[in-house]
Amino acid sequence: MTPLLEAVGVVKTFPGVRALDGVDFELRAGEVHALLGENGAGKSTLMRILAGDHVPDAGELRFDGRPVRLASPADAIAHGVRLVAQERALVPTLSVGENVLLGRLPRRRGRVDWGAVRAQAAELLARVGLDVDPATELGLLRRDEQQLVEVAKALSDEGRILILDEATASLSTSESERLFDVVRGLRAHGVGIVYITHRVGELASVADRVTVLRDGRNVLTAPLAETSHEGLVEQMVGRRLADLYPRARPEPGEVRLRVDGLSADGVCSDVSLEVRAGEIVALFGLVGSGATEIPYAIAGDVSARGVVEVRGRVGLVPADRRSEGLFPQGTVGRNIGAATLGRYGPAGIYLRGRETAAARRQIAALDLRPPRPWAPVAKLSGGNQQKAVLGRWLERGADVLLLSEPTRGVDVGARAEIYRLLGDLCAGGRSVLLASSDLDEVVGLADRVHVVSRGRVVSVLAGDEVRHDRVLEVATR
Amino acid sequence: MTAEPSTPIGRPEPAGGGGLALIGRLAAAPLARLAAAYLLLAAVFAIAADHFLTTDNFLNIGRATAVFGIAALGLTVALIAGALDVSFGAVMSVCGILAAERIAAGDGAAAAVAVALAVGVGLGLVNGLLTAVLRLDALIVTLGTFSIFGGWAFLHTNGAPTPASDDAFARIGRGETLGIPTPVVIMIAIALVLAVVLRWTGFGQRCYLVGDNPRAATLVGIRAAWVRAAALAISGLTAAIAGVVMVANAGVANAGEGERQLLNAIAAVVIGGTALAGGSGLIVGTLLGIAVLGTIDNGLNLLGVSSTWQDVLKGVIVVFALVLDRIRRRDA
Amino acid sequence: MGQDVRRRRAAAERLVQDLETGAVSRRQFIARATALGLSVPTIAGLLAACGDDGGGSTAGGSTAGGGTAISSSGGARGAEAVAAKVYPDGITSDPEYKGPNGGSRVAFLPPDAYDGTDEHGIRRWVCYDFTADKPYRIAFAHFSAKWDLSVEMAARAERAIKAMGCEPLIFDNNFDADQAIKNVDLIVQQQADFVVEAQIFPDANKAIYKRLEAAGIPSGYFAVEGPDGALFEDAGNLRMCTALGEWLGEYARDNWDGQVDLVMLAAQPRAGAYVAEREVGYRAGIKKVLPDLPDSVFVEFDSQGLLDESQKKAADVLTAHPDAKTILGCGSNDDAAVGIVRALEAAKRADTAAVAGQAGQASAVEELKKPDSPFKVSAFTDIETVPWLAAIGILELMGGEVAPVNFLPFYLITSDNVGDFPPQAGTLA
């Protein structure tokens with residue numbers, strides 16, 4: 001059987017980066033082909049090439065066996081490719097029906113035929129199993145329902161190939177389940193589906209085959225049944241999982257951070273916790289639980305009530321590096337020195353030499369690359385940027401590090417390094433409070449997990465209880 | 001800083017030392033490019049225009065640019081801190097008028113200058129406080145205060161000119177110091193002070209951090225709103241100095257005069273490579289921007305090109321500089 | 001000179017009072033007025049304004065049948081002065097008379113007329129009860145509330161219009177053609193009977209004239225010409241700057257033996273053809289005195305009428321002419337002229353230079369007061385007469401006359417008489 005879509009030897013280079021280096025990919029009618037990979041592995045680039053957004057430097061695309069050149073998204077659409085991008089392309093103030101049929105609203109005598117809009121939208125919504133009135137304003141729908149509207153929109157005309165990019169990124173488990181039902185339904189209709197994700201866990205419920213990309217190459221294409229969870233992760237990561245998280249940790253020391261009854265409007269209520277020297281304590285919650293905002297409340301960034309006792313200094317590593325952590329126009333040195341400007345000279349004087357020296361110290365301690373204080377931080381990889389932010393607080397002498405989503409957008413290699421680093425910091429007697437929605441890292445790193453739901457700590461798990469299933473069960477309860 | 005050379009990550013740094021490598025790095029630096037462009041421009045005029053390459057002519061360029069140049073220097077600091085101050089033209093008018101009134105009242109040059117500078121700092125702080133308290137973008141706030149200050153100047157004077165004839169005061173605008181026009185000496189002195197403040201003080205560095213990412217600056221414990229307020233006060237101070245120089249040169253203060261300097265000053269800052277969104281920029285860049293604008297006017301005057309064409313050409317250069325700013329930020 | 005003017009004016013006022021109260025006969029009045037130097041038409045106008053006592057002869061274009069008269073003299077079209085016009089309403093000598101709407105019988109004399117005998121000046125009298133027919137609405141749209149002179153002009157116009165028993169409608173054109181045209185819509189909406197426009201864009205005047213014509217409202221224009229056929233009031237750029245040019249030429253002739261190396265003309269090319277007549281006038285005036293001066297010494301540049309722009313450009317012109325020693329400077333206005341002065345001072349070439357400006361701006365007055373300044377002469381337009389002349393224009397238009405160009409009087413100010421001519425802002429405040 002001729003595959004619906006083939007990509008052969010696709011190469012794409014961006015200035016300074018070879019994003020795809022001879023990737024092969026094949027999609028058959030009526031299959032769900034998962035595309036796995038860490039951030040930066042090349043998933044998005046491949047997806048954009050398939051959607052006509054990028055033109056490959058070399059290699060070939062074939063639809064139904066015929067070579068095709070996609071010069072623009074319009075070309076891809078003409079070949080039946082439909083993309084459901086990670087960033088929503090919906091208009092919240094319009095009705096569901098208008099959103100589904102946006103750009104091709106049925107008309108009669110030059111006017112929108114609202115009856116037809118209703119009927120066609122209802123049919124498409126039924127196809128994705130969404131039971132809402134097409135006249136409802138989109139903004140009133142839940143996240144998962146909006147995601148399904150997005151799928152319905154992609155199906156609103158003759159789509160044969162559906163690309164779902166991180167479709168479950170903001171969905172809960174049950175919400176994801178619903179999406180999978182729809183995907184399976186479409187597969188039964190003969191639609192070929194490219195399912196892009198970095199969550200290995202959810203593949204079992206939906207995928208037929210899986211392709212793993214790493215560093216712009218495909219390292220594995222196999223039927224899902226022939227792979228294992230661990231094997232896939234190791235393929236993505238390129239190393240053994242056991243190496244990812246540091247293990248040996250000293251006995252915890254004195255209490256460094258004590259939070260008692262902390263409440264902040266719209267963020268959290270009545271949160272209490274303790275972190276000792278040498279401990280990593282996690283705040284885990286699904287997206288929207290408020291877990292990742294609690295460090296801000298502790299650091300005093302949002303006005304909060306309650307007691308926060310700190311022995312030593314606190315350093316906050318914010319979740320959104322780009323908008324909250326980095327000084328993107330600055331150098332590595334400036335990013336590291338930002339919290340300690342007062343130390344680089346007497347009486348308000350600033351001597352760059354001292355900042356550079358401090359930056360060199362942290363660069364060496366963190367193995368930050370490139371090891372140059374004057375390198376522009378914007379050119380660094382996500383992991384090295386995060387190291388610069390961490391280095392800032394280490395330079396400040398922070399004893400308690402509050403981290404919010406520290407590895408979001410960080411590739412796996414650097415992620416392992418950051419984990420190792422956190423391990424080392426704890427070994428050196430520092431305390432870490434890790435707020436994250438990444439189950440793997442919470443389970444892999446934390447001594448104790450405070451599970452957060454709707455801004456409250458619903459359970460504290462420690463020791464043997466810090467397991468994937470246990471944490472998830474509590475979090476979704 | 002913007003002048004730092006950049007090397008793509010993941011590649012080894014080019015082996016340092018070699019002269020060629022140094023030239024390569026310089027060529028990559030926006031300021032070096034601007035300086036090269038300026039030299040090219042000057043070379044063209046030196047060949048085309050007869051009396052371009054004379055000391056007196058360069059003093060003329062300095063004299064012609066000093067008023068908006070002084071304002072542009074303070075504006076650079078504000079813009080680096082992420083506050084685009086468009087009210088400074090009105091501050092110039094207000095401070096110039098107040099200085100002229102002191103002169104007219106017979107208070108003497110020192111009192112006139114002191115009043116003008118104090119009011120300039122005050123109006124800058126008003127901008128800063130409104131920005132901090134209302135949590136608005138400085139551009140919005142200063143657009144408002146631009147109208148308020150400028151309108152006050154008209155209401156206060158009824159649109160009438162205020163004569164300021166005092167020899168000591170006039171020397172600020174027309175005199176010479178060490179053979180150099182006093183306004184130019186003032187401009188260079190301010191440039192030196194502000195360059196040192198930006199490069200060698202914690203406050204200067206905080207300006208860069210706040211302009212680059214105010215949220216991150218707040219999270220590392222910098223009081224971003226106050227840094228901005230201080231930067232706006234500096235912009236108010238230089239606007240006041242520019243207003244004093246302007247009135248001292250003219251011998252009479254008119255409402256609405258300072259506002260006309262707005263475009264030239266902003267153009268100088270933008271051409272000098274200060275990011276419109278804040279976070280990067282250098283005083284020396286603004287000085288180059290001032291020189292570029294002044295030299296274009298001067299050279300074209302010497303060549304007898306009509307001033308309408310000069311305006312068009314300056315507009316093209318500003319748009320070009322904005323496009324470069326945009327490209328630079330997209331690369332970042 | 002100024003002292004003299006004031007003295008004579010006071011005397012003329014006393015004389016008119018005496019005539020009104022009957023303390024002097026018409027014959028005595030004519031004799032004393034002539035001795036004071038008042039022109040014949042002026043005397044006739046005064047007689048008309050103060051009523052006909054039936055005795056003696058009347059001079060020039062005096063009144064007939066007790067009608068209101070206007071008369072004029074001088075002007076560039078000077079000699080063929082407009083003959084007296086007779087308007088329907090009766091004249092009364094009762095100074096306390098109020099028309100039905102409160103308007104007095106109008107006898108306008110420019111309150112600060114410096115000298116009735118200026119060769120360029122005109123003097124007119126209007127005697128007409130505007131309230132007799134109906135209370136006319138007269139709109140005055142002035143340059144800008146941001147210009148003191150314009151504000152003063154508007155205030156005087158308002159007073160004058162009220163004194164006529166008419167209803168004033170004052171508009172602010174805000175130095176903005178769009179605003180001026182928007183104002184016209186309001187003027188039409190408010191059903192004005194006559195409009196005086198003062199704004200700086202010639203093209204806008206044409207648009208304004210069209211709109212008003214379509215609405216059947218006559219209009220007059222001040223300072224910047226309207227379309228042909230519309231009343232126009234101004235000192236006359238060409239006329240005034242020719243006089244200034246002559247003054248400069250005479251200065252060069254008397255001080256430098258007529259040797260002039262460079263003439264700098266700080267022009268305003270973007271202000272339109274009418275303003276450009278200033279440079280034409282300067283050139284013509286200088287050449288009139290120094291006919292052998294080659295065209296190559298004249299260098300014109302765009303000063304935008306601004307001090308600093310003029311200074312920058314003049315500095316560059318001086319750089320380009322390093323050998324020019326004797327230099328004349330001609331400012332499109334006083335600020336532009338002071339810009340030339342600043343450039344000369346900076347280049348240390350002010351000693352053999354003479355600069356002229358026009359408008360009597362504060363910057364010029366400050367310069368003229370300095371004994372060693374190269375700023376030698378400016379011209380002062382007598383804007384006091386604007387509303388008064390506008391009223392005449394109205395009458396002429398209502399009388400079905402072809403609208404004339406009325407040249408306002410102007411005076412040359414030099415260091416000799418600058419003390420008598422405070423800047424306009426000062427005079428009018």
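Throughout, protein chains are lettered first and strands after them, A, B, ... in sequence-line order, and every chain is numbered starting at 1.
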| request: Look at B:G151, B:S306, B:S165 and state which one has the largest set of heavy-atom pairs under 4.5 Å with chain C. | output: B:S165
| note | With chain B, the option among C:D316, C:V317, C:L318 that has the most non-hydrogen atom pairs under 4.5 Å is C:D316
| said: I want to check something: taking the side chain as every heavy atom from C-beta on, are C:D323 and C:D261 in contact at a cut-off of under 4.5 Å? | reply: no
| request: Could you check which of B:Q310, B:E257, B:E176 has the highest count of heavy-atom pairs closer than 4.5 Å to chain C? | output: B:E176
| query | Relative to chain B, which of C:V338, C:L306, C:D335, C:V299 shows the most heavy atom pairs under 4.5 Å? | reply | C:L306
| query | Any sub-3.5 Å donor-acceptor pair from B:Q261's side-chain atoms to B:A71's backbone N or O? | reply | no
| task | For the pair B:R260 and C:D308, find out whether any cationic side-chain nitrogen is under 4.0 Å from an anionic carboxylate oxygen. | result | yes
| field | Main-chain N/O of C:A267 paired to C:S303 side chain as donor or acceptor, under 3.5 Å | value | yes
| task | Tell me, for B:A255 versus chain C, whether the close heavy atoms (under 4.5 Å) come from the side chain, the backbone, both or neither. | result | neither
| query | Who wins among B:G251, B:G256, B:A250 for the most heavy-atom pairs under 4.5 Å with chain C? | reply | B:A250
| query | Between C:A315, C:A347, C:S144, C:G339, which residue shows the highest count of heavy-atom pairs closer than 4.5 Å to chain B? | reply | C:A315
| remark: When the 4.5 angstrom heavy-atom criterion is applied to B:N249 and chain C, the contacting part is both
| Interchain contact, B:T308 with chain C, by part (heavy-atom threshold 4.5 Å) | both
| said: Heavy-atom pairs under 4.5 Å with chain B - which of C:D302, C:T319, C:V151, C:L307 has more of them than the others? | reply: C:T319
| message | Any side-chain to backbone donor/acceptor pair from B:T142 onto B:V86? Under 3.5 Å, distance only. | response | yes
| Which residue out of C:K370, C:E367, C:K313 racks up the most heavy-atom pairs below 4.5 Å with chain B? | C:K313
| said: Salt bridge check, C:D176 against C:K182: does any charged N sit closer than 4.0 Å to a carboxylate O? | reply: no
| Salt bridge between B:D166 and B:R102, side-chain N to carboxylate O under 4.0 Å? | no
| said: If I take atom CG from residue B:L293 and atom CD1 from residue B:I61, how far apart are they, to the nearest 0.5 angstrom? | reply: 11.5 Å
| field | B:F58 and B:F52 aromatic centres sub-6.0 Å | value | yes
| task | Using a cut-off of under 4.5 Å on heavy-atom pairs, state which of C:R342, C:K312, C:E366, C:Q311 scores highest against chain B. | result | C:R342
| request: Pick one of side chain, backbone, both or neither for B:N298, based on which atoms fall under 4.5 Å of a heavy atom in chain C. | output: both
